[in-house]
Amino acid sequence: MIDFEDFVRVSPHCISLDEGLPFDVFAIVEGSRVPVLYAAKGTTANPIDSSDPSSTSNLFIRVHDVENYQSFVQSLLLDGNRVHRLPGIQRASIVAEAARFTMYSSFRTNNTTSIVQATRTLGAHISELMEDVDVKLAELQGLLHHDYGTFTHSTNVALYATLLAKKLDTTTVSNEDIAIGGLLHDLGKLSIDNRILNKPSKLDDREFRIIKKHPLEGFRRLTIESGVTKSQLLMAYQHHEKVDGSGYPVGLCDQEISMPARICAVVDVYEALTSNRPYRRALGPNIAMEIMEKQSAEHFDRNILDCWKSIVLEETPTDQLCHAN
Ligand SMILES: [Fe+2]
């Protein structure tokens with residue numbers, strides 16, 4: 001979450017609104033090695049050219065303003081009349097930013113009940129966004145953060161999984177269920193030692209055995225919570241199962257793996273490949289897709305992988321909507 005000492009990166013879509021900001025905003029400008037003051041608290045930030053990637057990834061707030069920023073973004077989101085009038089991409093950015101910061105603070109509590117509660121509201125916003133707005137994956141990826149952190153990864157997986165479910169036109173599971181399941185899928189990592197999760201080099205056998213426990217840990221935490229649906233539970237428990245039976249924790253095959261978990265498996269790997277890791281930079285969408293196709297196609301549900309590929313490559317599938325069961 002912290003990009004420079006004391007600074008956290010924020011979305012320009014959320015701060016370039018025409019109102020006084022309740023916090024200082026900083027930017028990296030030419031010649032500066034650390035963020036410098038861009039818009040002071042109480043003033044209005046200049047409109048930002050959101051099509052210019054160099055201007056959209058370089059805005060920051062101070063760490064001590066994280067809660068302020070989170071409340072500010074939440075209040076934007078709750079102002080339904082206003083948020084519905086915004087351009088789709090700006091609305092998507094507000095939803096994504098609210099999700100990322102809420103996931104960040106709720107994961108820090110390590111309290112499953114409060115995390116589950118937070119994901120309910122976020123899941124509703126994500127599915128409503130996807131139903132109302134025709135969001136393109138490239139635009140979505142452009143506004144998301146791609147740092148290495150369970151809360152960022154879970155936010156991105158939730159958005160991608162909902163986009164994929166919408167395209168699959170699933171009738172057995174709601175998009176809201178998929179969004180919440182995506183937010184919760186890696187919850188079990190809260191039970192894993194951070195030194196293993198954040199290890200910058202290859203895991204040894206013992207560490208890998210420990211990390212492989214997170215689906216079961218997630219299941220254990222969620223199964224005693226009220227209001228968690230079967231789809232959400234199985235996304236946490238089965239998202240590392242592979243259709244050829246080589247996955248974990250059980251080694252299920254094909255349709256023994258629930259459909260929401262098969263959706264989650266595809267976008268989980270895609271998100272990991274297209275995000276920065278301590279040992280490598282994020283890969284581009286086409287390269288990520290090529291790797292999934294060449295190295296692990298047999299791990300995934302073929303129809304679901306093809307549908308995701310059509311979203312990544314912005315192709316129109318012959319049947320307009322893909323199908324999965
Ligand atoms: Fe996982």
Side-chain angles (χ1 to χ4, degrees), residues 99-100 103-104 106-107 110 112 115-116 119 123 144-162 164-165 177-199 202-203 205-223 225 228 230-252 256-280 282-283 288 291-292 295-296 299-301 304-305 308:
R100 190 171 77 103
M103 291 297 285
Y104 170 69
S106 68
F107 266 51
N110 200 353
T112 308
I115 295 170
V116 167
T119 59
L144 293 175
H145 296 259
H146 301 283
D147 56 89
Y148 184 65
T150 303
F151 52 91
T152 308
H153 169 69
S154 303
T155 299
N156 297 356
V157 163
L159 286 156
Y160 295 168
T162 316
L164 176 53
D177 242 0
I178 294 283
I180 296 171
L183 291 168
L184 292 172
H185 81 284
D186 262 348
L187 180 85
K189 284 191 177 166
L190 287 173
S191 304
I192 309 291
D193 190 331
N194 266 328
R195 283 169 299 186
I196 298 178
L197 287 177
N198 300 326
K199 189 178 171 187
K202 202 170 180 283
L203 299 177
D205 288 350
R206 185 192 66 89
E207 291 162 338
F208 196 50
R209 268 200 307 281
I210 293 171
I211 219 160
K212 281 168 86 172
K213 290 180 180 169
H214 79 271
L216 182 58
E217 288 300 325
F219 181 86
R220 277 209 188 104
R221 281 171 174 254
L222 291 172
T223 199
E225 296 294 325
V228 175
K230 188 177 165 193
S231 298
Q232 294 158 19
L233 202 55
L234 292 181
M235 282 172 83
Y237 189 43
Q238 298 178 336
H239 68 277
H240 286 289
E241 298 288 357
K242 297 171 180 170
V243 298
D244 64 357
S246 66
Y248 61 89
V250 177
L252 299 173
E256 288 172 344
I257 308 165
S258 71
M259 196 258 285
R262 280 179 273 139
I263 290 176
C264 193
V266 170
V267 295
D268 184 28
V269 172
Y270 177 83
E271 203 290 327
L273 291 171
T274 53
S275 284
N276 295 310
R277 284 291 183 267
Y279 48 88
R280 65 149 171 80
L283 303 175
I291 290 175
M292 289 173 76
Q295 296 179 9
S296 53
H299 295 170
F300 305 110
D301 179 309
I304 294 176
L305 183 63
W308 183 245

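Being a predicted model, the structure only gives us computed values, none of them experimental. Just so you know, ligand 1 is whichever comes first in the structure, and atom 1 is the first atom listed for that ligand. Along the sequence shown, residues carry numbers from 1. Note that these values count all heavy atoms, side chains included, but never hydrogens, waters or copies made by symmetry.
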Verdict with supporting geometry, D186 and T150, side-chain hydrogen bond (donor to acceptor under 3.5 Å, both in side chains): CA-CA 7 Å; D186 262 348; T150 303; 5.7 Å; no
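Salt bridge R195/D193: present, at least one basic N to carboxylate O contact under 4.0 Å.
Between C264 atom SG and L164 atom CG the span is 10.0 Å, to the nearest 0.5 Å.
When each of Q232, H214, H240, H153 is paired with H185, the side chain to side chain donor-acceptor pair (under 3.5 Å) condition holds for H153 and for no other.
A distance-only check finds no donor-acceptor pair linking the side chain of D244 to the backbone of H299 [under 3.5 Å]. One N or O on the side chain of T119 and one on the backbone of V116 form a donor-acceptor pair closer than 3.5 Å.
Protein nitrogen, oxygen and sulfur atoms, that is N, O or S, within less than 2.8 Å of the Fe ion (ligand 1) amount to 4.
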